[in-house]
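First the structure, in the form of structure tokens, and then the observations on it.
Below, read A as the first sequence line, B as the second, and so on, with proteins coming before strands; counting in each chain starts at 1.
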Amino acid sequence: MFDHADAVLLARIQFAFTVSFHFLFPSFSIGLASYLAVLNGLWLRTKDEVYLTLFKYWLKIFALTFAMGVVSGIVLSYQFGTNWSVFADKTGPVIGPLMAYEVMTAFFLEAGFLGVMLFGMNRVGPALHFAATLAVAVGTFISAFWILSANSWLQTPAGYAINAAGQFVPADWWKIVFNPSFPYRLTHTVMAAYLTTALAVGGVGAWHLLRDKANRGARVMFSMAMGMITVVAPLQILAGDAHGLNTLEHQPAKVMAMEGHFQSHPDGAPLILFGLPDQAAAKVRAEVSVPKASSLILKHDLGAPLAGLDTVPRADWPVVPVVFWSFRVMVGMGLLMGLLALVSLVARMRRRLYDWRPLLRFAVAMGPAGFVTVIAGWITTEVGRQPFTVYGLLRTTASAAPLDAPAVGASLLAFIGVYFIVFGAGTFYILRLMSHPPHPGEAGLEAGRPTRAAGIIPGGATEPEAGR
Amino acid sequence: MTVSIDLATAWAFIIAFAVFAYVVMDGFDLGIGILFPAFKPGPERDSAMNSVAPVWDGNETWLVLGGGGLMAAFPLAYAIILPALYAPIIAMLLALIFRGVGFEFRWRDPRHRPFWDLAFTAGSVVAAFAQGVTLGALLQGIKVVGRGYGGGWWDWLSPFSLLTGASVVIGYALLGSTWLIMKTQGPMQARAYRQAGWLGWATIACIAAVSAATPFLQNGYYQRWFAMPNVLYTAQVPLLVVVGSGLFFLNLRARRQAAPFLLTLGLFALTFAGLGISMFPYVVPTAVTIWDAAAPASSQVFMLVGAAVLIPIILIYTGYAYWVFRGKVGHEGYH
């Protein structure tokens, strides 16, 4: 088996599979950590029990999400070496330190205070416990900062030199960290994490409101989530537009693939809404397009010329149909989020936020939308920068480890099997927790774990796992 | 042996520190996983797991620092070692997934708790064994061609690497049992004392076997250990192992609470020092030295500034997290 397969292709599938699975968890836990910090702060400030209820409710889901994020993340930090060793040798001096800073400033902070956040409320008192929750939330953001800096450097390399051994070596750390696409990617990704979380929280709130519109916990979480979406969704559309313009400047071939522009358009490029890109024939079949609208969006000028993939050597093309469609999924979902923002705002102003069933059903349907959108967005940007690992400088085919196809094939099968079992079970447990309505006196993580170091007497050991 | 402290040497020590911190800290977590089937389902298993639940995540982070630090400070070594050890490293990563989610999933699904407990144990055993195999395979040497690995995907497999694999499983189990001596009481602690007794003997046997085999791996290790005048220094290591082992059994017999764990840490530190004597200054014995593999000074300095400030801070708040969850788990509570 796999004897005749392409080892590099298998390694790419393995990386795509493991990184896609991984990113589902941080895109939820970045937002959820901040949400928990807000709930914790509101509870300390107002002493309103509903915030404590919601804190404990989402803390259980956070614990599961975070654990899955950690274990799937370690895979990635080693996979650079196991499967992409040439890439690791060449880029290690530049992106290695960025990731080392991520470990030293973020991972330890998160991991060190996670135990206190999850189990320590009775041990350290509310103020220190809140500090631990804040530390975890800040840690998730710092982590995003460094890893997105590293990713952005690979997309838009800057501040480097190349040494005699063919390695990228740092010349200017400021330019490396704050490379051209970094501010855009950071903003876009962190807002995506907030939106993903708000949609999930809103979906859960709406689900319970459809069953019991008087549930106070469900009302508060739904209102907070819709408020967040109303603010962030429009901002995210603006940030996405700015990110697109940045990409046009630094990675034009990616934008050509996103737009399906095989040909150059010297006087105004059409906006292709739908179509079937045919990479071999270099054209889009069954095209539905708006004349000159692409130039309007990308150049803010109807008649502006736009170059197409015909100006790029074929060997440097990304896989156009994948980028084209993943981009449309992302944008389509983004527009639906904008619609949800608008509809919920109208409902709020008409005081129908908690009982207008079409809105609640829409919010439930949009519950998983953030995850779909985030993955579609990453597929757009990562497939769109192919065939390079360091954009324009190091080809993917020249980055792989000297492994035989059977080795990579075997590990790929193992990853697929393990991920579906483990993360399938984890997702099921999260959904099951979400299906319980929040209620006053919500169990925390200490309850039901009587022997937890956080200290509740063992008499509880025989109690059923109620409410967990 | 004179060691001039240059950047590469400083980073070699930092990464060695991270790896050591990982080995002893996740070592006792994994050890508890290895010993897990010996605990009765119910309160015993719950207390065993609770004794590490608040800290395991931080412990595992040292593994990320070790790996990430290696890529950043010695990218060439990272690029050679990881493909060479492909199978054991992938096995370790998959095993750590089962181990890690075991902490959470067993509480979420009482009906399938036996399954997740089994996953926790299997994950711990496989991860420990794979780490030991990795160590053995590195010591016995890796075939290097140009700037990459030049061997096949089963080259790591040898009697020696299987020996080191088994040794690490046993050593981690000893760490786990002595940790439980510290963290539990009553019948569970009594069992931990008994386990630590025979695991102590087994660990010492493993140290002896690996130490006896290493000089004959023909990577110049024999010279380092036995040539004059080096032998005057190197002989201190086995001597201290003997002294440490004696103290360990004395303290075990005296039913001391913390000393067995601390002395086990000491034994691990000595074996780690022995490893350093065998390897230094090679990072891939005997093909690539730390200077061959070093990233440029601009990379190493950039990180060193951060590491010098951040690692002490990390140690302080990690210490705080341990302090919050100090004392025995289970019985009575603490407030």
Answer whether the closest heavy-atom distance between the side chains of [X] and [Y] falls below 4.5 Å.
| X | Y | answer |
| --- | --- | --- |
| A:P170 | B:F302 | no |
| A:M68 | B:E104 | no |
| A:V408 | B:Y86 | yes |
| A:Y78 | B:L63 | yes |
| B:D109 | A:R432 | yes |
| A:D89 | B:Y78 | no |

Can you tell which part of [X] gets under 4.5 Å to a heavy atom of chain A, answering side chain, backbone, both or neither?
| X | value |
| --- | --- |
| B:F74 | neither |
| B:W116 | side chain |
| B:A293 | neither |
| B:I89 | side chain |

**Prompt:** Can you say whether the rings of B:Y320 and A:F113 are parallel (under 30°), tilted (30 to 60°) or perpendicular (over 60°)?
**Reply:**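 B:Y320 and A:F113: tilted rings.
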**Asked** Would B:Y149 and A:S85 satisfy side-chain hydrogen bond (donor to acceptor under 3.5 Å, both in side chains), going step by step from the backbone distance to the final call?
**Response** CA-CA 9 Å; B:Y149 173 56; A:S85 60; over 6 Å; no
**Message:** At under 4.5 Å between heavy atoms, what parts of residues 308-315 of chain B are in contact with chain A? List them by residue number.
**Reply:**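 Interface residues of residues 308-315 of chain B: B:L310, B:I311, B:I314.
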